[in-house]
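Before any comments, here is the structure.
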Amino acid sequence: MNKSVRVRYAPSPTGYPHVGNIRTALFNWLFARHYGGSFIVRIEDTDVTRKVEGAIKAILDGLRWLGLDWDEGPEVGGKYGPYFQSQRLEKYHEVAQRLIAQDNAYYCYCSTQRLEEMRAEQVQRKQPPGYDRRCRNLSQEERAKKEAEDITPVVRFKTPLEGQTRFNDLIRDDVAFENSNIDDFVLLKSDGYPTYHLANIIDDHLMEISHVLRAEEWLSSTPRHLLMYRALGFEPPKFAHLPMILAPGRAKLSKRHGAMSITEYYEQGYLPEAMVNFLALLGWSLDDKTEILTRQELIGNFSLERISRTAALFNQDKLDWMNGVYIRSLTADEFFTAVEPYLMKDELAGKALISSEKYVKDILPLIQERARTLVEVAELAQFFFVEELAYDSTLLIGKNMSRESATRALEVSQQRLGQLEAFDAESLEVVLRPLAVELGLKTGQLFGTLRVAVTGRTAAPPLFQTMAVLGKERCLRRIEAALDRLRGLSS
RNA sequence: GCCCCCAUCGUCUAGAGGCCUAGGACACCGGCCUUUCAAGCCGGCAACACCGAUUCGAAUUCGGUUGGGGGCACCA
């Protein structure tokens, strides 16, 4: 395999792209990049009735967000265009006509109603549903009669009645289907649009696609495609059917079953690099231990041989962990850049960012190592931004402490801190650590009380650093507020 | 109902006849570190679906069973 590798991602804009769709795109992209080939995006918009507004934008935005750049397709064009099937209708009609002329296809005049009834009956009789081929061998007169009735026919493929179609799937090895199990499927719909089967194989041929990497749900349509390639005399591409990604509960990913649009992962604060890494490991692995791989490592090591044949479940816990790994690996500047848009979406953090970027930049290192997603950052840092802390006053009184001891701890702290010149973490530690001894408290008791007073929480970033960032004034104000709370508390 | 695919810890996976008393990761549970949280480190829990066959030897090969998934539209 060399530079003649041409693969495509062919989404249909009938919904938003979920992780399954995107994983397919990613594998195609990795395959193309690994072999120095071309990655093509083709929009399969042949279903006018199910078209979803905004879907194309979501698809392209998703690819862009993950850094999956395409060499040909929407917005960038290419010499095999157009890349929207709705703009290639005449090509499909041409081929359909040719198949009819060759006696590999025929007009079918059966009404949807008749087809539905037929199918219902077949299902009831526990027969495999499929077209009964009523129009397959219509005589001239019968056809003329139907035409006169003003019925717009569909075009169906004349599937061979016997024999079998076998092929070598790059992931699943040899697969064989009996032709007798394949019905005469529709090629051209009555609205003039092609079905997936027709349009897909024509475009793969015209666009000189070398490898078709698609989800396993397409495996059973492959013999139909091969039959068409044979009838047309086209050389088929190589096929590789990727394992499915299943929703929790092991059902096919769909809107009903926990499928989220890839764009939502951006909104929830996942890093594209983490997403790419995670998705690559869903159905592919490098070895028995490597989990974290850069984009370049992924490209360099990607191979069909290491793709699994088993369907995988999407494990959000692991994604969260991996996202945390990536967040922690960012430099302070990179983290700021990544998190800024999310902070701007948060009212308090946004306001703080506008009034003092420096303050926010001081806060961020304290949060970076604790956040698993970018949206969490604003929440974890909230106490830095809020004017008035809201918390349960009894939290100020730590384990084995009384209201009096907590009060005294805060009073003395207030006094000592007030005298401090330098309000940095080190100076704070120098003052506060001996203070615990002096007060006869464990450090954990003193620091715990101070932590609640100053952050309103029992879990927060390291106390001294936190206080240093908050600043002397804010800390003293909050300690005063805490003392007020203690005074109001009945012992 | 018919056809196809698949089958290792709860999850993602390593494993292509002896290297496997089955390895890694997430999650979970302990411990260490520690002012809390997080991170980190150490340890633990936990799987070859089942039955036959081949073989000196099978998670790995073959057959069957069971289970799961996918497909069977004028949807893709």
Side-chain angles (χ1 to χ4, degrees), chain A residues 10-15 44-47 49-50 108 110-112 115-116 119 122-131 152-156 169 171-172 175-178 180-183 185-191 193-197 199-200 215-223 241 243-244 246 248 250-252 278 281-292 306 308-322 324-325 328 366-372 380 398 429 432-433 436 442-448 450-452 455 457-464:
Chain A
S12 91
T14 52
E44 310 222 324
D45 51 350
T46 55
D47 187 342
T49 59
R50 291 202 313 155
C108 169
C110 294
S111 67
T112 1
L115 295 173
E116 272 166 26
R119 235 180 330 261
Q122 287 165 333
V123 169
Q124 201 183 29
R125 291 204 324 252
K126 300 201 188 275
Q127 297 288 310
Y131 181 55
T152 313
V154 300
V155 173
R156 284 184 186 274
D169 186 275
I171 293 171
R172 277 148 226 285
V175 185
F177 289 82
E178 293 295 329
S180 57
N181 285 322
I182 305 169
D183 76 345
F185 53 96
V186 172
L187 260 23
L188 223 46
K189 302 182 260 187
S190 56
D191 65 0
Y193 278 81
T195 58
Y196 169 85
H197 302 300
N200 188 265
E216 197 202 323
E217 56 184 312
W218 296 108
L219 189 60
S220 47
S221 334
T222 306
H241 288 91
M244 305 276 294
L246 269 22
R250 297 210 158 268
K252 183 175 170 177
F278 179 74
L281 257 23
L282 230 45
W284 178 86
S285 62
L286 173 61
D287 55 28
D288 58 344
K289 40 187 61 103
T290 313
E291 303 274 349
I292 305 296
R306 294 203 60 85
S308 134
R309 279 143 298 140
T310 320
L313 240 52
F314 191 85
N315 181 189
Q316 180 116 6
D317 273 342
K318 191 156 183 175
L319 205 214
D320 285 349
W321 163 77
M322 193 172 280
V325 170
R328 274 175 258 126
L366 265 24
I367 304 300
Q368 182 172 0
E369 41 192 313
R370 291 171 173 74
R372 288 162 88 85
L380 287 169
E429 180 156 14
L432 293 174
R433 220 172 258 286
K442 289 185 173 170
T443 48
Q445 292 176 311
L446 203 219
F447 298 168
L450 274 172
R451 178 177 301 107
V452 173
T455 69
R457 303 182 181 193
T458 52
L463 184 63
F464 309 131

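A note on names: the letters A, B, ... follow the listed sequences, proteins ahead of strands, and every chain is numbered from 1.
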If you measure from the C1' atom in B:C26 to the same atom in B:C45, how many Å do you get, rounded?
14 Å

How would you label the contact of A:Arg125 with the nucleic acid (heavy atoms, under 4.0 Å): base, sugar-phosphate, or nothing?
nothing

Would you find more than 12 non-hydrogen atoms of other residues, nucleotides or ligands less than 6.0 Å from A:Lys442 atom NZ?
no

Spacing of the P atoms in B:U11 and B:A27 (rounded, Å)
16 Å

Each nucleotide of nucleotides 64-76 of chain B classed B (base within 4.0 Å of a protein heavy atom), S (only sugar-phosphate) or -, in 5' to 3' order, makes ----SBSSBSBBB

Between NZ of A:Lys126 and P of B:C2 the distance, given in whole Å, is 10 Å

Say you pick atom C1' in B:A46 and the same atom in B:C2; how far apart are they, in whole Å?
39 Å

If B:G1 has a Watson-Crick or G-U wobble mate with both distances under 3.5 Å, name it; if not, just say none.
B:C72

Just how far is it from atom CD of A:Gln122 to atom OH of A:Tyr131, taken to the nearest 0.5 Å?
11.0 Å

Is A:Ala176 touching bases, backbone alone, or none of the nucleic acid, heavy atoms closer than 4.0 Å?
sugar-phosphate

Provide the closest heavy-atom pair for A:Arg370 versus A:Leu380 in the form atom of the first, atom of the second, distance.
O-CD1, 3.8 Å

When the distance from NZ of A:Lys442 to C1' of B:U34 is rounded to whole Å, what number comes out?
14 Å

In whole Å, measure the gap between the P atoms of B:U54 and B:C72 for me.
42 Å

Just to verify, what does A:Asp320 make a side-chain hydrogen bond (donor to acceptor under 3.5 Å, both in side chains) with, not counting sequence neighbours?
A:Tyr270

Considering only the P atoms, how many Å lie between B:A49 and B:A58, rounded to the nearest integer?
15 Å

For nucleotides 15-18 of chain B, list the nitrogen or oxygen atoms of the protein found under 3.5 Å from its nitrogen or oxygen atoms, one pair per line.
from: B:G15; atom 1: OP1; to: A:Arg306; atom 2: NH1; distance (Å): 3.0
from: B:G15; atom 1: OP1; to: A:Arg306; atom 2: NH2; distance (Å): 3.4

CZ/A:Phe314 to CG/A:Leu319 distance, rounded to the nearest 0.5 angstrom?
4.5 Å

Would you classify A:Leu463 as touching base, sugar-phosphate or nothing, given that sugar-phosphate means primed atoms plus P, OP1 and OP2, and contacts are heavy atoms under 4.0 Å?
base

Paired with B:G18: which nucleotide, if any, by Watson-Crick or G-U wobble criteria at under 3.5 Å for both distances?
B:C56

Base, sugar-phosphate or nothing for A:Phe278? Non-hydrogen atoms, less than 4.0 Å.
nothing

Who are the side-chain hydrogen bond (donor to acceptor under 3.5 Å, both in side chains) partners of A:Thr290, not counting sequence neighbours?
A:Asp287

Compare every heavy atom of A:Ser308 with every heavy atom of A:Thr310, then report the nearest pair and how far apart it is.
N-OG, 2.9 Å

Go nucleotide by nucleotide along RNA chain B from the 5' end; which of A:Glu429 and A:Ser308 gets its closest nucleotide reached first?
A:Ser308

Please work out if A:Ala312 contacts a base, only the sugar-phosphate, or nothing of the nucleic acid, heavy-atom cut-off 4.0 Å.
sugar-phosphate

Between protein and nucleotides 19-31 of chain B, map the contacts as a letter string: B base, S sugar-phosphate only, - none, heavy atoms under 4.0 Å, written 5' to 3'.
----BBBBS----

Watson-Crick or G-U wobble mate for B:C32, both contacts under 3.5 Å
B:G40

Calculate, to the nearest 0.5 Å, the distance between atoms CZ and CG belonging to A:Arg250 and A:Leu313 respectively.
4.5 Å

Stepwise, does the side-chain contact (heavy atoms from CB on, under 4.5 Å) test hold for A:Ile292 with A:Val325?
CA-CA 9 Å; A:Ile292 305 296; A:Val325 170; 3.9 Å; yes

Between B:U60 and B:G17, how far apart are the C1' atoms? Round to whole Å, please.
7 Å

Side chain A:Thr152, main chain A:Ser190, donor-acceptor under 3.5 Å:
no

Name the nucleic acid region contacted by A:Gly283, choosing base, sugar-phosphate or nothing; use a 4.0 angstrom heavy-atom cut-off, strictly under.
sugar-phosphate

Identify whether any heavy atom of A:Pro248 sits under 4.0 Å from a base atom; if not, whether one sits that close to sugar-phosphate; answer base, sugar-phosphate or nothing.
nothing

So how far is it from A:Ile171 CD1 to A:Glu216 CD, rounded to the nearest 0.5 Å?
9.5 Å

Measuring only the C1' atom in each nucleotide, how far is B:C37 from B:C5? A whole number of Å is fine.
47 Å

Nearest whole Å is fine: how far is B:C3 C1' from A:Arg172 CZ?
15 Å

If we take the P atom in both B:C32 and B:G68, what is their distance in whole Å?
45 Å

Both distances under 3.5 Å, Watson-Crick or G-U wobble: report the partner of B:A7, or none.
B:U66

List the atom of A:Ala312, the atom of A:Leu282, and the distance in Å for their closest heavy-atom pair.
CB-CG, 4.2 Å

Can you tell me how far the CG atom of A:Asp45 sits from the OH atom of A:Tyr193, to the nearest 0.5 Å?
7.0 Å

How long is the line joining CZ of A:Arg370 and P of B:U34, in whole Å?
16 Å

Taking only residues two or more places apart in sequence or in another chain, which ones pass side-chain contact (heavy atoms from CB on, under 4.5 Å) with A:Lys318?
A:Phe278, A:Glu291, A:Asn315, A:Trp321

Looking at A:Arg309, I'd like to know whether one of its side-chain N or O atoms comes within less than 4.0 Å of OP1 or OP2 on B:A7.
yes

